[in-house]
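Report on one structure; see the data block that follows.
For the single chain, residues carry numbers from 1 onward in sequence order.
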Amino acid sequence: MVFELMATFCYNNGTIEITPSNIVLLNHAAHYMEMDSNSSAKLNLVDQTEKFLEGINYWTWSELLQALKLCQDLLPTTNSSFLLDKVLDCLVGRITLPVMASPFTCSSNISSFQLSCDTRSTCSVRNNWSLTTWWFEDLLVLNVLSFDKVIRMMMSQKLDHATIFRFIVFRLKSGYFSVTASEKCKITEVAINLLSLLDRSSLSCRGLFDILQAVSRLKNISKFYPLKLEHLVGSMLDQATLDHLLVPSPHKNHHVYDVNLVLRLLKAFILEGSSMSRNQLRKVASLTDSYLIEVAPDIRLKPSKFAALIMVLPDPARESSDRLYQAIDMYLQVHVQLCEEVKMRLCSFVNHDKLSAEAFKHLAQNSNFPARSTLKSFITQKSKLNSSIHNHLSHAKVSSQSRFHSNAKEEQEEFDQILIYARKHGHSKEIDNLETELQGMQKVCTMMHSEISGATKSRLHGPGKARTLPKLCS
């Protein structure tokens with residue numbers, strides 16, 4: 001085709017009709033044959049093509065796309081790079097125009113071009129798309145170099161970063177173009193580098209996890225880029241949901257879900273350090289506990305991996321240990337073959353001070369938890385009751401007008417249940433010692449109660465003035 005164009009140009013005394021469809025080839029041939037100002041005036045094709053390019057802003061959208069494809073095919077010639085920049089700059093300019101002034105037009109004469117606007121299909125699809133993303137499918141034609149150039153041009157022309165991010169995700173997820181494995185790796189690496197240039201607030205966890213999945217399917221990509229992406233995702237983990245984390249394992253003979261990925265994301269989140277707030281830390285802790293509950297029934301999940309998921313976050317991150325206890329209990333129910341030592345190690349992660357009354361009640365009747373763990377729970381509960389007694393007595397000394405607020409009856413019931421369970425597992429001696437100590441505290445409490453009653457008797461009259469002490473003190 002280039003030969004025909006140049007033959008026509010020469011046989012017509014240096015004249016030819018230049019159009020958007022042949023400008024790229026003519027300009028390329030003119031530079032190659034050095035038909036510039038050093039040649040005769042009539043044969044100066046370089047100047048003629050470059051003058052025609054001054055009207056590029058009047059080209060239709062489809063004409064720009066066709067020129068783009070030709071420029072990419074002719075790379076890496078010098079003049080093709082110049083033309084490519086001109087075409088890309090014009091394309092980005094159209095994209096950044098106000099929606100109502102979008103230069104999009106449909107041309108039926110290039111319907112054979114895969115990404116051009118076909119009046120029967122593409123136009124109807126675009127009508128259903130967001131007005132800010134109508135160009136996504138057309139720009140799938142971009143190769144690695146053009147993709148990088150376009151994104152940077154969009155940023156320089158102040159296109160909304162959220163829209164740019166959605167396009168990057170769309171490009172990486174798209175299967176419209178069959179490219180080689182090497183090209184997929186290159187464009188993914190470019191995309192990950194570009195993500196770091198976008199405002200963090202414009203990124204979405206859903207989109208980032210979509211990119212993560214796309215990256216996981218690439219075998220030859222440099223390890224640096226997945227790690228860079230994981231660090232970015234990990235830093236935003238407080239915005240993630242459980243569905244985001246439930247990524248199928250790439251090795252089906254290992255875990256059901258990709259536990260290693262979640263571990264790396266959690267470590268990346270922790271690396272943020274001082275930049276994270278307490279609220280963010282608690283959100284991630286809650287998310288982690290939900291994930292633990294989901295993966296606990298996986299029979300192929302090793303205790304070491306399960307423990308690593310628990311330990312990756314510090315204990316202060318959890319407001320309550322209830323859901324962690326639930327996850328460990330579920331894990332022990334499924335993994336019945338575990339030895340006592342492993343069970344004890346897992347149970348030791350539960351902070352009994354952060355268990356609710358319901359969780360204590362369940363633990364007291366839980367045969368899955370080792371006996372020593374139950375005894376530890378018993379001691380913790382005893383400590384809570386002791387602390388409750390001291391707090392109420394101190395409160396009575398300071399203000400005789402104050403009311404006591406206690407759930408002593410419920411606490412005693414839970415305490416008794418744990419006590420019975422602990423005795424069943426051969427801890428009678430320890431229980432007897434602890435009960436003796438507790439009875440001594442009850443006597444002290446009774447004496448204090450008598451003193452307080454005598455000191456305040458004259459001032460406590462009528463309904464609403466009565467005081468109640470913990471049951472252990474009555």
Practice problem: Looking only at non-hydrogen atoms, find the nearest pair between Cys90 and Leu64 and report the distance. | Solution: SG-CD1, 3.8 Å
Exercise. Give the minimum heavy-atom separation between Ser202 and Ala162, together with the two atoms involved.
Key: CB-N, 3.5 Å
Exercise. For the residue pair Asn220 and Lys184, confirm or rule out a side-chain donor-acceptor distance under 3.5 Å.
Key: no
Self-check item: Side chain His161, main chain Asp199, donor-acceptor under 3.5 Å
Solution: yes
Exercise. Kindly compute the distance separating CG (Leu198) from CD1 (Ile168), expressed to the nearest 0.5 Å.
Key: 5.0 Å
Self-check item: Sub-4.5 Å side-chain heavy-atom contact between Gln239 and Arg206
Solution: no
Self-check item: Asp322 (side chain) donor-acceptor with Ser356 (main chain) under 3.5 angstrom
Solution: yes
Exercise. Considering non-hydrogen atoms only, spot the tightest contact between Val215 and Ile221 and give its length.
Key: CG1-CD1, 4.3 Å
Exercise. Report yes if the side chains of Ile310 and Thr288 come closer than 4.5 Å at any heavy-atom pair, otherwise no.
Key: no
Quiz item: Hey, does the side chain of Ser321 reach the backbone of Lys354 with a donor-acceptor pair shorter than 3.5 angstrom?
Solution: no
Quiz item: Taking all non-hydrogen atoms of both residues, which atom of Leu159 and which atom of Trp135 are closest, and how far apart?
Solution: CD2-CZ2, 4.2 Å
Quiz item: Taking everything shown except Arg323 itself, do over 12 heavy atoms lie less than 6.0 Å from its CZ?
Solution: yes
Quiz item: Counting only N and O atoms by type, is there a donor-acceptor contact under 3.5 Å from the side chain of His244 to the main-chain atoms of Thr241?
Solution: yes
Quiz prompt | Evaluation steps, side chain to side chain contact (heavy atoms under 4.5 Å, CB included), between Leu237 and Leu266 | solution = CA-CA 8 Å; Leu237 208 55; Leu266 286 168; 3.6 Å; yes
Quiz prompt | Close side-chain approach of Leu208 to Leu212, heavy-atom, < 4.5 Å | solution = no
Quiz prompt | Side chains of Gln333 and Asp329, donor plus acceptor under 3.5 Å | solution = yes
Self-check item: Atom pair CD/SG of Gln66 and Cys71 - distance to nearest 0.5 Å
Solution: 11.0 Å
Quiz item: Just wondering, do Phe209 and Leu265 contact through their side chains at under 4.5 Å, heavy atoms?
Solution: yes
Practice problem: Check for a donor-acceptor pair, side chain of Ser222 on one end and backbone N or O of Tyr225 on the other, with a separation under 3.5 Å. | Solution: no
Exercise. Determine, stepwise, if the pair Val233 / Glu230 fulfils side chain to side chain contact (heavy atoms under 4.5 Å, CB included).
Key: CA-CA 5 Å; Val233 177; Glu230 287 172 8; 5.6 Å; no
Self-check item: salt bridge (Lys or Arg N to Asp or Glu O under 4.0 Å): pairs with one or both residues in residues 153-163, sequence neighbours excluded
Solution: none
Exercise. Using a 4.5 Å cut-off on heavy atoms from C-beta on, say whether the side chain of Leu70 contacts that of Leu83.
Key: no
Quiz prompt | Rounded distance (nearest 0.5 Å) linking atom OG of Ser277 with atom CD of Glu272 | solution = 11.5 Å
Quiz prompt | Ser249 OG to Leu261 CG distance, which is reported to the nearest 0.5 Å | solution = 10.0 Å
Practice problem: May I ask you to test the Leu139-Arg171 pair for a side-chain heavy-atom distance under 4.5 Å? | Solution: no
Quiz prompt | Non-hydrogen atoms of Leu68 and Leu88 that approach each other most closely | solution = CD1-CD2, 3.6 Å
Practice problem: Kindly indicate, with the supporting measurements, whether the criterion side chain to side chain contact (heavy atoms under 4.5 Å, CB included) is fulfilled by Arg166 and Phe136. | Solution: CA-CA 9 Å; Arg166 288 196 296 271; Phe136 278 18; 4.0 Å; yes
Quiz item: Of the non-hydrogen atoms in Pro303 and Leu346, which two are nearest, and what is the gap between them?
Solution: O-CD2, 4.2 Å
Quiz item: Should Lys228 and Asn193 be marked as a side-chain hydrogen bond (donor to acceptor under 3.5 Å, both in side chains) after you check the CA-CA gap, both sets of side-chain angles, and the distance that decides it?
Solution: CA-CA 9 Å; Lys228 184 175 182 179; Asn193 281 334; 2.9 Å; yes
Quiz item: Can you list every salt bridge (Lys or Arg N to Asp or Glu O under 4.0 Å) pair that touches residues 282-294, not counting sequence neighbours?
Solution: Arg282-Glu319, Asp289-Arg318
Quiz item: Just by distance, do the side chain of Tyr331 and the backbone of Leu301 share a donor-acceptor pair under 3.5 Å?
Solution: yes
Quiz item: With a cut-off of 6.0 Å (strictly less than), are more than 12 heavy atoms of other residues, nucleotides or ligands near NZ of Lys267?
Solution: no
Quiz item: Any chance the rings of His362 and Tyr325 have centres within less than 6.0 Å?
Solution: yes
Practice problem: State, without any angle test, whether Asn260 and Lys305 hold a side-chain donor-acceptor pair at a distance under 3.5 Å. | Solution: yes
Self-check item: Interatomic spacing from CG in Asp210 to CG in Leu172 - rounded to 0.5 Å
Solution: 10.0 Å
Quiz item: Side-chain contact, heavy-atom cut-off 4.5 Å: Asp315 with Phe349?
Solution: no
Self-check item: side chain to side chain contact (heavy atoms under 4.5 Å, CB included) between Ile151 and Phe167, worked out
Solution: CA-CA 9 Å; Ile151 298 301; Phe167 173 61; 3.8 Å; yes
Quiz item: If we only count heavy atoms from C-beta on, is the Thr163 to Met154 side-chain gap below 4.5 Å?
Solution: no
Quiz item: Nearest 0.5 Å, what's the CG-OG distance between Asn351 and Ser320?
Solution: 9.5 Å
Exercise. Examine distances only and state if a side-chain atom of Ser235 and a backbone atom of Leu232 form a donor-acceptor pair shorter than 3.5 Å.
Key: yes
